[in-house]
Every structure is written in structure tokens, then in C-alpha cells.
Amino acid sequence: MAGNKGRGRAAYTFNIEAVGFGRGEKLPDVVLKPPPLFPDTDYKPVPLKAGEGEDYMLALKQELRETMKRMPYYIETPEEKQDWRRLPREMMPRKKCKKGPKSEKAKDTGKGTSLTNTADVLKKIEELEKRGDGEKSDEENEEKEGSKEKSKEGDEEEDDDAAEQEEYDEEEQEEENDYINSYFEDGDDFGADSDDNMDEATY
Amino acid sequence: MTQAEIKLCSLLLQEHFGEIVEKIGVHLIRTGSQPLRVIAHDTGTSLDQVKKALCVLIQHNLVIYQVHKRGVVEYEAQCSRVLRMLRYPRYIYTAKTLYSDTGELIVEELLLNGKMTMSAVVKKVADRLTETMEDGKTMDYAEVSNTFVRLADTHFVQRCPWVPATENSDPGPLPPAPILVISEKDMYLVPKLSLIGKGKRRRSSDEDAAGEPKAKRPKHNTDNKEPIPDDGIYWQANLDRFHQHFRDQAIVSAVANRMDQTSSEIVRTMLRMSEITTPSTAPFTQPLSSNEIFRSLPVGYNISKQVLDQYLTLLADDPLEFVGKSGDSGGGMYVINLHKALGSLATATLESVVQERFGSRCARIFRLVLQKKHLEQKQVEDFAMIPAKEAKDMLYKMLSGNFISLQEIPKTPDHAPSRTFYLYTVNILSAARMLLHRCYKSIANLIERRQFETKENKRLLEKSQRVEAIIASMQATGAEDAQLQEIEEMITVPERQQLETLKRNVNKSAS
């Protein structure tokens with residue numbers, strides 16, 4: 001393997017004719033860098049198919065995109081967790097439709113009145129965070145809202161910058177919440193359809 | 001699923017259903033079948049959100065569930081079904097050409113909502129049609145029902161699998177998820193409904209606002225009183241049938257291009273006769289006798305029996321082998337070779353792509369290798385009559401584009417390169433798959449580009465929308481021409497040009 005290095009340098013290990021180069025011909029240049037990301041093509045692409053059908057389908061497509069965004073199947077991103085203690089009380093959006101079953105709400109108000117001590121609240125929150133379940137964190141948020149009036153001490157969780165950014169996000173979110181609320185009032189079919197299928201899918 | 005397909009699925013889900021559904025959907029496509037808690041844990045979303053997203057996905061037939069041992073329910077996403085969302089406009093347009101506006105709206109509602117009961121579809125479509133009709137006219141439920149029944153008869157809509165009606169003698173614990181059944185014969189059975197009514201026109205806005213709170217409560221009560229007659233019977237659009245229709249269209253237009261209009265009509269008749277009798281994945285249709293074809297030709301065509309026989313013989317002898325003769329009874333039994341026809345169409349597409357990308361000489365080499373199956377470098381130069389250097393260059397270009405591949409045939413067991421034959425060959429299946437993958441990638445790129453362009457020019461778009469709204473409202477209140485002119489000039493000329501370019505680019509990327 002190493003023995004032929006000096007002597008056999010000019011010979012190839014395979015029949016060079018088979019690849020297509022003649023003997024003694026100049027080999028093509030060595031490639032030093034990867035090919036460009038958008039290489040120039042010799043032949044330009046064929047124009048798009050245009051016609052009555054295609055125009056109609058294009059209009060349909062754009063309409064469909066718009067319609068899909070308004071259907072109840074389009075789920076908006078939920079609003080970010082706010083630290084309500086740092087913001088004026090009127091900033092809090094008034095949720096007309098609470099997420100979660102009614103039992104959760106009853107449990108919440110019960111917990112809200114019993115936990116008047118800030119230390120207890122913080123300990124409870126730590127416990128719940130350790131469990132790391134999404135449902136509980138919703139609950140815990142509502143707990144925080146309920147007991148916010150009672151607790152005066154602040155936590156060093158959020159920075160000012162983060163709060164300002166959250167305020168801005170929250171304004172947007174609040175607008176969206178209004179829109180969603182009015183949509184819910186109008187829609188007759190929303191509850192019927194999704195409830196039917198929730199019965200099938202969840203357990 | 002390839003990376004490009006996953007990326008495209010992610011873009012489609014995000015555009016149609018929002019961020020959360022996209023996150024859950026892409027996670028399922030990537031990781032396969034998973035139970036609910038694992039999904040929530042891996043994606044870091046709350047259980048609530050995951051449940052909502054899964055409901056939406058199941059409603060639209062994009063995710064299926066299965067009960068495994070120990071009562072665990074696992075959810076699996078169907079990537080290919082998500083990609084079908086690209087074709088929704090085509091399905092709707094096809095329904096429009098076949099069953100006019102009513103059919104179009106029925107299919108559109110079914111596609112937008114995933115699954116619906118027949119009564120719900122009929123009501124919604126009737127309302128929508130009434131909106132577009134002139135004042136005073138309304139759309140009758142009966143007409144919409146008729147179109148629905150016709151769609152079901154031609155298999156364009158089908159019933160979803162349903163919960164089996166169990167005899168309640170077994171009081172055991174309920175299973176965590178229902179096992180839905182579907183039987184072949186019941187799939188297109190339309191329930192006997194007597195839907196009487198007319199479409200409702202949505203009243204003008206002031207009536208709406210005042211009458212709504214009062215109207216909502218009594219309407220709600222009446223809904224509760226009348227039980228929905230077809231409760232639990234859901235319908236969905238049958239995408240396979242649409243694909244079959246597209247396939248038929250492609251074959252018919254290929255025959256029309258190759259031969260003439262009459263032969264394409266004959267082929268269309270034959271395909272129509274075997275629409276329902278032949279399963280969609282069959283290699284060829286059921287044999288049809290020449291007499292049957294003659295009887296089923298469309299009414300306008302007055303060709304005599306002999307002419308029809310001549311055409312059939314011509315079609316059967318054609319080297320493309322779209323039509324084959326399978327017997328002589330009944331004046332000659334003819335079949336359409338579906339698999340062969342689709343194979344030829346795919347090959348023709350590949351050839352045309354090579355021609356457009358690399359030039360006609362490359363296309364000649366490609367067709368040559370296709371025909372001769374395996375060729376050596378030297379033979380390629382000889383047969384194609386192209387100088388060696390150029391032939392070599394073209395072959396390597398196609399090789400790096402994965403249209404052509406090399407087959408090694410060793411002469412000795414040690415596979416020494418100097419003693420091995422290297423043959424060029426075209427693997428049609430793999431080349432076609434590569435082309436499809438490339439298409440998906442380009443669609444994903446185009447969607448991204450369109451989103452980028454729209455975001456960049458958001459301000460301009462909003463401004464033009466506002467101006468249009470102002471103009472419309474002013475025209476409604478009867479403003480003078482001078483005022484309208486002034487408002488139109490709010491958009492300066494370069495902005496207008498920018499808008500035009502943007503619209504053109506967005507439309508191009510969308511089509």
C-alpha cells in the first residue's frame with residue numbers, strides 16, 4: 001500500500017478509458033469550494049400554467065387561507081404568563097369563558113380565601129411547579145390572580161424590560177381576546193361540533 | 001418522512017390551524033405513535049392545549065388513534081394526508097366542474113370542517129347559496145340534498161367510520177376509546193332524511209344586533225327540541241376518488257394529445273364505465289366489450305360501429321399500450337392498462353424535466369438510456385452521435401442531478417475498478433421519487449418566500465386596504481370625483497408599482 005507511493009504515482013488504479021478521459025488528456029480543474037447556492041442556469045424555467053381554471057384555483061386558495069383563520073379550528077397562541085402584581089389591576093383581561101371545568105373554579109375560590117399568607121402562596125407555587133403539570137400551572141395562575149389583592153410583597157422574578165415587553169404583548173393579546181369573545185357570542189356551531197368530537201377522542 | 005416533507009407539513013399546519021396545532025402535529029409526524037402524556041411532556045405544552053390540538057387534528061382526519069394494551073391510547077399523524085391539503089383548491093374546482101356551485105360548496109364545507117353530518121352540510125350550503133342569490137330568492141334544501149346524494153352515489157363523499165351499535169347486555173367498563181367500524185357496503189349509504197326548509201339569508205347588521213340576544217335563546221331551544229335525525233352519521237370527502245378522477249383526466253388528455261379528440265372520448269367513456277366497478281389501485285380496468293362501449297358513448301357522438309372498432313384497434317396497437325385487447329367476445333374485449341399508462345406519463349414527465357433543465361441533447365441521451373436500459377460510456381457516445389467530451393459532460397451533469405445512476409458489474413471478485421463495467425441506467429421509480437421530493441421542497445420554499453414578502457410589505461398592504469375601504473365607503477355615500485381622486489393619490493406612484501410587483505410575486509408563489 002505504502003510501497004508504491006514513489007513509483008506508481010502516475011498510474012491509476014482503474015482503467016481511465018472507462019471513465020471517459022483519454023490517455024494524457026488534461027483533467028478538469030480541481031474543485032476548491034462548494035458550488036454556489038443559487039447557480040446560474042443555462043435554461044430558464046418554463047412559464048407557469050395560466051388559464052381560467054388556474055386563476056379560479058388561485059382565488060380559491062387565497063380565500064381558503066383566510067377562511068381557515070376564522071374557523072374555530074384555528075387555535076391562537078395562549079397569552080404569556082404575566083406577573084399581575086407588577087401591573088395596574090385594570091390591565092388584567094376579564095375572561096368571560098374560563099378554561100377548565102367548573103369544579104376547578106370552585107376549588108380556586110376556596111384556595112384563594114384560605115391562602116392569605118404570602119409565604120404559603122410561594123410554597124404552594126413551588127410545590128406545584130415541581131410537579132410540572134400544565135393543568136396545575138393554569139390553576140396556579142388563577143390562584144395568583146385571586147390572592148394578588150392580598151399579597152403586597154413582590155417577587156424578583158420578572159425584570160422591568162420583560163414586564164414592558166409583556167405589557168405590549170398583552171395589549172395585542174387583549175385585542176385578540178376581545179375579538180375571540182365576540183366571535184364566541186356569535187357562533188352557534190362552535191360548542192356543538194367540537195364537543196361531539198371531544199367525546200370521541202379524549203378519555 | 002423526509003425533512004422537506006416535514007417542513008412543508010409544518011408550514012401547512014401553521015397556516016391553516018395555528019402555532020399550537022403545528023407544534024403537536026409536527027412532533028407526531030417526527031416521532032410516530034405516542035400517547036397523550038408523552039406528547040405533552042415532550043413538546044412542553046399544557047395538557048389542555050394538547051387535547052385541543054389533537055381534537056382539531058382528529059376532526060380533520062390528520063391524526064388517528066388506537067387503543068393499545070393496558071388501555072393506553074396512542075395517536076399517530078398521517079403525513080401524506082397533511083400534504084393533501086395542498087390540493088384542496090383542485091378538489092373544490094373539480095367538484096365545481098362536475099356538479100356546479102352546489103357541489104362545489106358541499107365539498108368546500110366538508111374539506112374545511114373535516115367531518116360533518118348531512119343535515120349540517122345541507123343547511124350551511126343552502127344558507128351560503130341564498131346569500132349570493134338575488135333578493136327574494138332562496139335555495140331549497142331539497143336541491144342541495146339531491147346534489148349531496150349524487151356526490152355520494154359517485155363516491156366523491158363517503159361516510160366516516162362510526163361507533164358500532166352495541167347491544168347493551170355487556171355492562172363492562174367502557175373502553176378508553178371507541179373502536180370505529182366501517183363496512184364496504186354502507187360507506188355510501190345516504191340516510192333517509194326529509195330535510196324540508198329553505199336557506200336563510202343573513203339579515204342586515206342593525207336587525208342582527210338588536211334581534212340577536214333575543215333570537216339566540218329561542219333558536220337554541222328549538223335546536224334542543226328537534227333531535228338531529230342523522231346524529232352520529234358523519235361524512236367526509238373521499239380524496240381517493242378525486243385522485244382517481246385526476247388520473248383519468250391525465251390519461252384522457254394524453255390520448256388526446258397523442259391521437260385525436262375522438263379517441264380521447266372513447267377512452268373517457270371506457271374510464272367512466274369502470275369508475276365504480278374497478279378499485280382504484282387495480283393494474284387494469286375490467287374488460288369492456290366493444291358493443292358496451294358503443295352503447296355508452298355520449299349522445300352527441302355519431303360514429304358508426306365500424307369506425308369505433310377501427311379506433312379501438314388503433315388504440316390497442318399503439319406502442320404506448322394505454323389500451324389492450326383481452327379477448328374477442330362481444331366484438332372485442334378491451335381493457336385500459338392503468339399502471340402502464342401512469343408509468344408512461346411519469347416517464348414523459350421525467351423526460352420533459354431533463355429537457356427543460358439540461359437541454360435537448362441531454363434529453364436525447366436520457367431517452368436513449370431509458371430505451372436501452374443499460375449502456376456504457378462508449379456506447380452512449382456512439383448511439384447518441386454526440387462527441388465524447390460533451391457526452392461525458394452531460395452524463396455527469398445528469399448523474400449529479402440523480403436522474404441517471406451507475407450500475408457496477410465486476411469482472412473479478414475483488415471489484416477492482418480497472419476490471420469493472422460501469423453502466424449507466426435510469427431507475428424510473430427512484431428518479432420519480434426524487435422529483436417529487438424536489439417539488440415538495442420548492443413548495444416549502446415558495447411558501448416561506450411568500451410569507452417573507454407579505455411581512456416585508458405589510459405596511460403598504462394595510463395602507464392600500466385602508467384606501468380601498470375609504471373609497472368604497474365614499475362611493476356608497478355619493479362623493480364627488482375630485483375627492484375620490486384625492487384619496488387615490490394618497491398612494492404614490494412608486495408605492496403603487498411596488499404593490500403591483502408584490503401582488504404579482506405573491507400570486508406567482510401561490511400558484
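Quick note on labels: first sequence line is chain A, next is B, and so on, each numbered from 1.
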Requested in this report: With sequence neighbours excluded, give me every ring-ring contact (aromatic ring centres under 6.0 Å, His included) pair touching residues 45-64 of chain A.
Outcome: A:Y56-B:Y93
Query raised in the report: Taking every heavy-atom pair that is under 4.5 Å apart, which of B:V50, B:V21, B:L112, B:L395 has the most such pairs with chain A?
Result: B:L112
Query raised in the report: Could you state the interatomic distance from CG (B:N113) to OH (A:Y73), rounded to the nearest 0.5 Å?
Result: 4.0 Å
Report summary line: d(A:K61 NZ, B:R87 CZ) to nearest 0.5 Å is 12.5 Å
Query raised in the report: Out of curiosity, B:K96 NZ to A:L60 CG, how far, rounded to the nearest 0.5 Å?
Result: 8.0 Å
Query raised in the report: Which residues pass the side-chain contact (heavy atoms from CB on, under 4.5 Å) test with A:E63, sequence neighbours left out?
Result: none
Query - chain A contact via B:Q355 - which portion, at a heavy-atom distance below 4.5 Å - result: neither
Report summary line: Value for CD (A:E76) from CD (B:E19), rounded to nearest 0.5 Å, stands at 10.0 Å
Requested in this report: Between chain A and each of B:A120, B:P89, B:G44, count heavy-atom pairs under 4.5 Å; write down the option with the most.
Outcome: B:P89
Query raised in the report: Roughly how far apart are B:E15 CD and A:M68 CE, rounded to 0.5 Å?
Result: 10.5 Å
Requested in this report: Tell me, for B:E108 versus chain A, whether the close heavy atoms (under 4.5 Å) come from the side chain, the backbone, both or neither.
Outcome: side chain
**Report entry** Contact class of B:K378 relative to chain A, heavy atoms under 4.5 angstrom
**Finding:** neither
Query raised in the report: About how many Å separate CE of B:M85 and CG of A:L64, when rounded to the nearest 0.5 Å?
Result: 9.0 Å
Query raised in the report: What part of B:H60 is in contact with chain A, defined as an atom under 4.5 angstrom from a non-hydrogen atom: side chain, backbone, both or neither?
Result: side chain
Requested in this report: Please state whether the side chain, the backbone, both or neither of B:F421 comes within less than 4.5 Å of a heavy atom of chain A.
Outcome: neither
Requested in this report: Heavy-atom distances under 4.5 Å only: say whether B:R357 touches chain A with side chain, backbone, both or neither.
Outcome: backbone
